[in-house]
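So the structure is just underneath, and the comments pick up after that.
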Number of protein chains: 2
Amino acid sequence: MTDRTVLIVDDEKPIREMVEFSLERSGFRVVEAGDAAEARVAITDHQPDLILLDWMLPDTSGLDLARALRRENMLGDVPIIMLTARTEEEDKVRGLEAGADDYVTKPFGPRELIARIQAVLRRSGGDEAEENLEIGPLRIEIAAHRVMVNDNPIHLGATEFRLLKFFAGHPDRVYTREQLLDRVWGPNVYVEERTVDVHIRRLRKALDGTGAERFVQTVRGAGYRFSTRE
Amino acid sequence: MTDRTVLIVDDEKPIREMVEFSLERSGFRVVEAGDAAEARVAITDHQPDLILLDWMLPDTSGLDLARALRRENMLGDVPIIMLTARTEEEDKVRGLEAGADDYVTKPFGPRELIARIQAVLRRSGGDEAEENLEIGPLRIEIAAHRVMVNDNPIHLGATEFRLLKFFAGHPDRVYTREQLLDRVWGPNVYVEERTVDVHIRRLRKALDGTGAERFVQTVRGAGYRFSTRE
DNA sequence: CAAATGTGTCATGGATCTGTCACATCCCGC
DNA sequence: GCGGGATGTGACAGATCCATGACACATTTG
């Protein structure tokens, strides 16, 4: 439900924009690709939670791309929804064999699309978010949008909250400033990389004296990491 | 979420059976009606939690039936999902005004239908506490439609009462203005989001000096929250 | 019918947040 | 130690968000 990234692969920009508009209104992050090559880059860069894949692409068919991605194991269990103008049963079968999880037939409306996406995500993924995260003295209450340290609330700006939430959900792993901007600020936001430093600083300051400030770690030359160890 | 009763109103028996089959597999109880007259009987007899209403019925239109049922107050806040073959935006708007909560366009698949049903139930159901709520110095007497603070009644407008009731039933959770409009004002009401601010303000003013005003909390950039802590 | 009340909208001002910069400090290889 | 790149830190201006009072209109009450 919350904060999932959807990759839309379609060569027609108007369709991509319609999809982006609808999905962002529903709280998804949206990444676009116009062809198979762009799609591969986007998958690597943004690690989407779901892929909307047009049947026809300029450089290859969506079917082939889906099959290739599954074969190359680039996706794990990320679901694929095919977008197609065709309605033949035969195509559906072939698409499902290629690794698609569902179909949407053009033309489609935003409600239908969102219903399908949520149905597929509900099936394939545990909704990971939503429950509270507890790390040492920290408790991140997602629903309440609140962070407690030893049962005392601490105040964070919206950006610091998202940053901490992301970190807490992905511990023991270094993220570059670029990756953090992508995952915390969003894929279509362009700010200076050094901005990350400033928010790291603000997060540390907010956690100062709680015993949790040591979890936010700098990895020189690489980025930042959230970890209880070290 | 389990054991909800769904009434399907459609004159085509195959469709009723398809729906019944799908929904029962998902744990719903299903009641059928073939026309508006049967629908009225079924509503009285079974008090469904949700109604699937075909656009075209032999004795009247689904639109008229929905409107009539709402007007006669036979439904309370039981949500209606319209089933329609038409896709014109005009019809959708008219249907929503008539009291439908969502649309499914024929032909639809079982997955889509269930996704919609669950979405609508999630929105409209779930609250409806019947017993009184006590939170700190507050006692919300649902049936009496009255709020007491330390055994002294305080006056609230109808909107503020619903808002407080909703909040008290869903504490420690942030709701966006949009969500509050949906849950407190109702899914088919269109007012400005800022209106929420004003009613929050009025609620706070009514609670001022009681020690309960601190429960109504602003979460900057996210929405509002009701919580006894912080 | 008039007054009182409830509701939605708006404009305003103040508080807070955010991105950026400049400069200080740190760390590493040499 | 030294130099230079990387990171920490404080300050700042613009952007954003929200509280608040006023107002028009509708509804209810007397």
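Just so we're on the same page: letters track the sequence lines, and every chain starts at 1.
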Anything under 30° is parallel, anything over 60° is perpendicular, the rest tilted; go ahead and classify B:Tyr175 against B:Phe167.
tilted
Within the structure, does a side-chain N or O atom of B:Arg201 lie under 4.0 Å from either OP1 or OP2 of D:dT20?
yes
Between A:Leu156 and A:Thr195, which has a closest nucleotide on DNA chain C that is more 5'?
A:Leu156
In whole angstroms, how far is the [atom2] atom of [N] from the [atom1] atom of [X]?
{"X": "A:Arg204", "N": "D:dT9", "atom1": "CZ", "atom2": "P", "result": "7 Å"}
{"X": "B:Glu193", "N": "D:dA19", "atom1": "CD", "atom2": "C1'", "result": "17 Å"}
{"X": "A:His199", "N": "D:dT7", "atom1": "NE2", "atom2": "C1'", "result": "16 Å"}
{"X": "A:Arg202", "N": "D:dC12", "atom1": "CZ", "atom2": "P", "result": "14 Å"}
{"X": "B:Glu213", "N": "D:dT20", "atom1": "CD", "atom2": "P", "result": "12 Å"}

Tell me if the side-chain of A:Arg194 makes a donor-acceptor pair with the base of D:dG8, cut-off 3.5 Å, by modelled atom types.
yes
What range of DNA chain C does chain A touch, first nucleotide to last, counting atoms under 4.0 Å from its heavy atoms?
C:dC17 to C:dC27
Write down the atom of B:Leu113, the atom of B:Leu52, and the distance for their closest heavy-atom approach.
CD1-CD2, 4.1 Å
Just jot down the ring pair (Phe, Tyr, Trp, His ring centres under 6.0 Å) partners of A:Phe21, sequence neighbours excluded, or say none.
none
Which residues share a ring pair (Phe, Tyr, Trp, His ring centres under 6.0 Å) with A:His155, sequence neighbours left out
none
Tell me if the CD atom of A:Glu178 is crowded by more than 12 foreign heavy atoms within 6.0 Å.
no
Answer yes when A:Glu141 and A:Arg146 have at least one side-chain N-carboxylate O distance shorter than 4.0 Å, and no when they do not.
yes
Answer yes if the side chains of A:Ser227 and A:Arg214 hold a donor-acceptor pair under 3.5 Å, and no otherwise.
no
Return the polar atom pairs (N/O with N/O) between nucleotides 2-6 of chain D and the protein under 3.5 Å, or none.
from, atom 1, to, atom 2, distance (Å)
D:dG5, N2, A:Arg220, NH2, 2.5
D:dA6, O4', A:Arg220, NH2, 3.3

Qualifying ring-ring contact (aromatic ring centres under 6.0 Å, His included) pairs, either residue in residues 192-221 of chain B, two or more places apart
B:Trp185-B:His199, B:Phe215-B:Phe226
Contacts of A:Glu32 meeting salt bridge (charged side-chain N to carboxylate O under 4.0 Å, His left out) (sequence neighbours excluded), chain-then-number -> A:Arg16
Any idea which of D:dG21, D:dC18, D:dC12 is nearest the B:Tyr224 side chain?
D:dC18
Could you check B:Gly223 against A:Asp197 and say which one's nearest nucleotide on DNA chain D is further toward the 5' end?
A:Asp197
